[in-house]
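Proteins come first, then strands; the chains are lettered A, B, ... in the order of their sequence lines, and each starts at number 1. FYI, side chains are in, hydrogens and waters are out, and symmetry mates aren't considered; it's all heavy atoms of this structure.
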Amino acid sequence: MVSEYPGMPTVATAYQKIYAVVSSIPGGRVATYGQVARLAGMPGQARLVGYALSSLHDRVPVPWHRVVNARGEISERSGGSPADVVQRLRLESEGVSFDELGRIPLGRFLWDV
DNA sequence: CCACTGACGAGTG
DNA sequence: GCACTCGCCAGTG
(Lines give C-alpha, C1' and ligand atoms only; values in the text may rest on other atoms or scores of the structure.)
Protein backbone atom coordinates (compact mmCIF):
# COMPACT_ATOMS: atom_id res chain seq x y z
CA MET A 1 0.00 0.00 0.00
CA VAL A 2 1.47 3.27 -1.09
CA SER A 3 -0.19 6.26 0.45
CA GLU A 4 2.38 8.86 -0.43
CA TYR A 5 5.53 9.60 -2.34
CA PRO A 6 7.54 12.72 -3.19
CA GLY A 7 5.71 14.77 -5.73
CA MET A 8 2.37 13.05 -5.27
CA PRO A 9 -0.60 15.43 -4.98
CA THR A 10 -1.74 15.92 -1.41
CA VAL A 11 -5.34 15.17 -2.26
CA ALA A 12 -6.52 11.66 -3.02
CA THR A 13 -6.51 10.73 -6.69
CA ALA A 14 -7.80 7.80 -8.66
CA TYR A 15 -4.20 6.71 -8.98
CA GLN A 16 -3.83 6.00 -5.28
CA LYS A 17 -6.68 3.56 -5.48
CA ILE A 18 -5.03 1.85 -8.42
CA TYR A 19 -1.65 1.71 -6.70
CA ALA A 20 -3.28 0.17 -3.64
CA VAL A 21 -4.79 -2.63 -5.69
CA VAL A 22 -1.59 -3.29 -7.63
CA SER A 23 0.34 -3.42 -4.39
CA SER A 24 -1.87 -6.24 -3.18
CA ILE A 25 -1.11 -8.54 -6.10
CA PRO A 26 0.77 -11.56 -4.67
CA GLY A 27 4.24 -12.31 -5.98
CA GLY A 28 4.32 -15.00 -8.64
CA ARG A 29 0.87 -13.96 -9.86
CA VAL A 30 -0.27 -11.40 -12.40
CA ALA A 31 -3.40 -9.31 -12.87
CA THR A 32 -4.83 -7.69 -15.99
CA TYR A 33 -5.42 -3.97 -16.41
CA GLY A 34 -9.15 -4.53 -16.53
CA GLN A 35 -9.06 -6.64 -13.40
CA VAL A 36 -7.17 -3.97 -11.48
CA ALA A 37 -9.67 -1.39 -12.68
CA ARG A 38 -12.59 -3.43 -11.40
CA LEU A 39 -10.95 -4.07 -8.03
CA ALA A 40 -10.24 -0.36 -7.74
CA GLY A 41 -13.92 0.34 -8.19
CA MET A 42 -13.60 1.68 -11.71
CA PRO A 43 -14.92 -1.04 -14.02
CA GLY A 44 -14.12 -0.40 -17.66
CA GLN A 45 -11.28 1.95 -16.83
CA ALA A 46 -8.45 -0.29 -17.94
CA ARG A 47 -6.83 2.58 -19.80
CA LEU A 48 -6.61 4.63 -16.64
CA VAL A 49 -4.75 1.82 -14.94
CA GLY A 50 -2.19 1.83 -17.71
CA TYR A 51 -1.95 5.56 -17.56
CA ALA A 52 -1.52 5.49 -13.79
CA LEU A 53 1.26 2.94 -14.00
CA SER A 54 3.04 4.87 -16.73
CA SER A 55 3.26 7.86 -14.45
CA LEU A 56 4.99 5.90 -11.71
CA HIS A 57 8.61 6.57 -11.04
CA ASP A 58 11.22 4.10 -9.81
CA ARG A 59 11.30 5.09 -6.16
CA VAL A 60 7.63 4.22 -5.72
CA PRO A 61 7.47 0.65 -4.35
CA VAL A 62 4.54 -0.58 -6.44
CA PRO A 63 4.88 -4.00 -8.16
CA TRP A 64 3.77 -2.61 -11.53
CA HIS A 65 5.43 -5.53 -13.32
CA ARG A 66 2.62 -7.84 -12.18
CA VAL A 67 0.10 -6.08 -14.41
CA VAL A 68 -0.30 -7.38 -17.98
CA ASN A 69 -2.95 -7.03 -20.65
CA ALA A 70 -5.97 -9.30 -21.08
CA ARG A 71 -4.09 -11.55 -23.52
CA GLY A 72 -1.39 -12.30 -20.98
CA GLU A 73 1.18 -10.24 -22.85
CA ILE A 74 3.42 -7.47 -21.62
CA SER A 75 2.18 -4.27 -23.19
CA GLU A 76 4.74 -2.29 -25.13
CA ARG A 77 5.59 1.20 -23.92
CA SER A 78 5.68 4.31 -26.01
CA GLY A 79 9.08 5.83 -26.57
CA GLY A 80 10.65 2.39 -26.84
CA SER A 81 11.62 2.33 -23.18
CA PRO A 82 13.23 -0.92 -21.98
CA ALA A 83 10.72 -1.20 -19.15
CA ASP A 84 9.01 -4.13 -20.84
CA VAL A 85 12.22 -6.16 -20.67
CA VAL A 86 12.64 -5.37 -17.00
CA GLN A 87 9.06 -6.43 -16.46
CA ARG A 88 9.60 -9.84 -18.04
CA LEU A 89 12.80 -10.47 -16.11
CA ARG A 90 11.15 -9.56 -12.84
CA LEU A 91 8.22 -11.85 -13.50
CA GLU A 92 10.43 -14.75 -14.49
CA SER A 93 12.46 -14.30 -11.32
CA GLU A 94 9.18 -14.65 -9.41
CA GLY A 95 8.40 -17.93 -11.12
CA VAL A 96 6.02 -16.69 -13.79
CA SER A 97 6.62 -18.46 -17.11
CA PHE A 98 6.03 -17.38 -20.69
CA ASP A 99 5.07 -19.48 -23.68
CA GLU A 100 6.85 -19.42 -27.02
CA LEU A 101 4.73 -16.47 -28.11
CA GLY A 102 5.78 -14.37 -25.15
CA ARG A 103 2.50 -14.78 -23.37
CA ILE A 104 1.77 -15.79 -19.79
CA PRO A 105 -0.69 -18.70 -19.36
CA LEU A 106 -3.33 -16.75 -17.45
CA GLY A 107 -5.03 -19.99 -16.52
CA ARG A 108 -2.09 -20.70 -14.22
CA PHE A 109 -0.83 -17.30 -13.13
CA LEU A 110 -3.79 -14.95 -13.08
CA TRP A 111 -4.43 -13.61 -9.61
CA ASP A 112 -7.71 -15.05 -8.44
CA VAL A 113 -9.21 -12.73 -5.89
C1' DC B 1 -11.15 26.36 -19.47
C1' DC B 2 -10.21 23.52 -23.59
C1' DA B 3 -7.68 19.97 -26.34
C1' DC B 4 -5.01 16.24 -26.39
C1' DT B 5 -3.09 11.97 -24.50
C1' DG B 6 -2.66 7.27 -23.29
C1' DA B 7 1.08 0.04 -19.92
C1' DC B 8 -6.63 -1.24 -22.43
C1' DG B 9 -10.81 -4.17 -23.48
C1' DA B 10 -14.79 -5.96 -25.67
C1' DG B 11 -17.14 -6.55 -29.83
C1' DT B 12 -17.38 -7.43 -34.88
C1' DG B 13 -16.27 -9.35 -39.54
C1' DG C 1 -6.62 -15.88 -34.77
C1' DC C 2 -6.02 -11.12 -36.94
C1' DA C 3 -7.40 -6.29 -38.11
C1' DC C 4 -10.35 -2.71 -37.01
C1' DT C 5 -13.61 0.28 -34.36
C1' DC C 6 -15.44 2.40 -30.47
C1' DG C 7 -16.02 3.49 -25.51
C1' DC C 8 -13.64 4.91 -21.14
C1' DC C 9 -11.93 9.48 -18.45
C1' DA C 10 -8.17 11.45 -15.12
C1' DG C 11 -4.07 14.16 -15.93
C1' DT C 12 -1.36 17.54 -18.13
C1' DG C 13 -0.07 21.88 -20.50
Quickly work out the [X] [atom1] to [N] [atom2] distance and round it to whole Å.
| X | N | atom1 | atom2 | value |
| --- | --- | --- | --- | --- |
| A:Tyr19 | C:dA10 | OH | P | 15 Å |
| A:Arg103 | C:dC2 | CZ | C1' | 12 Å |
| A:Asp84 | B:dC8 | CG | C1' | 16 Å |
| A:Tyr15 | B:dG6 | OH | P | 12 Å |
| A:Met42 | B:dG9 | CE | C1' | 16 Å |
| A:Tyr51 | B:dC4 | OH | P | 15 Å |
| A:Glu76 | B:dG6 | CD | C1' | 15 Å |
| A:Arg38 | B:dG9 | CZ | P | 10 Å |

Grab the N/O contacts between the protein and nucleotides 6-9 of chain C below 3.5 Å, and write none if there aren't any.
from	atom 1	to	atom 2	distance (Å)
C:dG7	O6	A:Arg47	NH1	3.2
C:dC8	O3'	A:Gln45	NE2	3.1
C:dC9	O4'	A:Gln45	OE1	3.4

Considering all heavy atoms, the nearest [X]-[Y] contact:
| X | Y | value |
| --- | --- | --- |
| A:Asp84 | A:Ser75 | CB-O, 4.4 Å |
| A:Ala70 | A:Thr32 | CA-CG2, 4.0 Å |
| A:Tyr33 | A:Val49 | O-CG2, 3.6 Å |

**Study point:** Residues forming a salt bridge (Lys or Arg N to Asp or Glu O under 4.0 Å) with A:Glu92, sequence neighbours excluded
**Key:** A:Arg88
Check your understanding: For B:dC8, does either OP1 or OP2 sit under 4.0 Å from a side-chain N or O belonging to A:Ser75?
Key -> yes
Review point. Does C:dG11 have OP1 or OP2 sitting under 4.0 Å from an N or O in the side chain of A:Ser55?
Key: no
Check your understanding: Are any of the side-chain heavy atoms of A:Val96 and A:Arg66 separated by less than 4.5 Å?
Key -> no
Which atom pairs, one a donor and one an acceptor, fall under 3.5 Å between side chains of residues 99-113 of chain A and the rest of the protein, sequence neighbours left out?
from	atom 1	to	atom 2	distance (Å)
A:Asp99	OD1	A:Leu101	N	2.8
A:Asp99	OD1	A:Gly102	N	3.0
A:Asp99	OD1	A:Arg103	N	2.8
A:Arg108	NH2	A:Ser97	OG	3.4
A:Asp112	OD1	A:Arg29	NH1	3.1
A:Asp112	OD1	A:Arg29	NH2	3.2

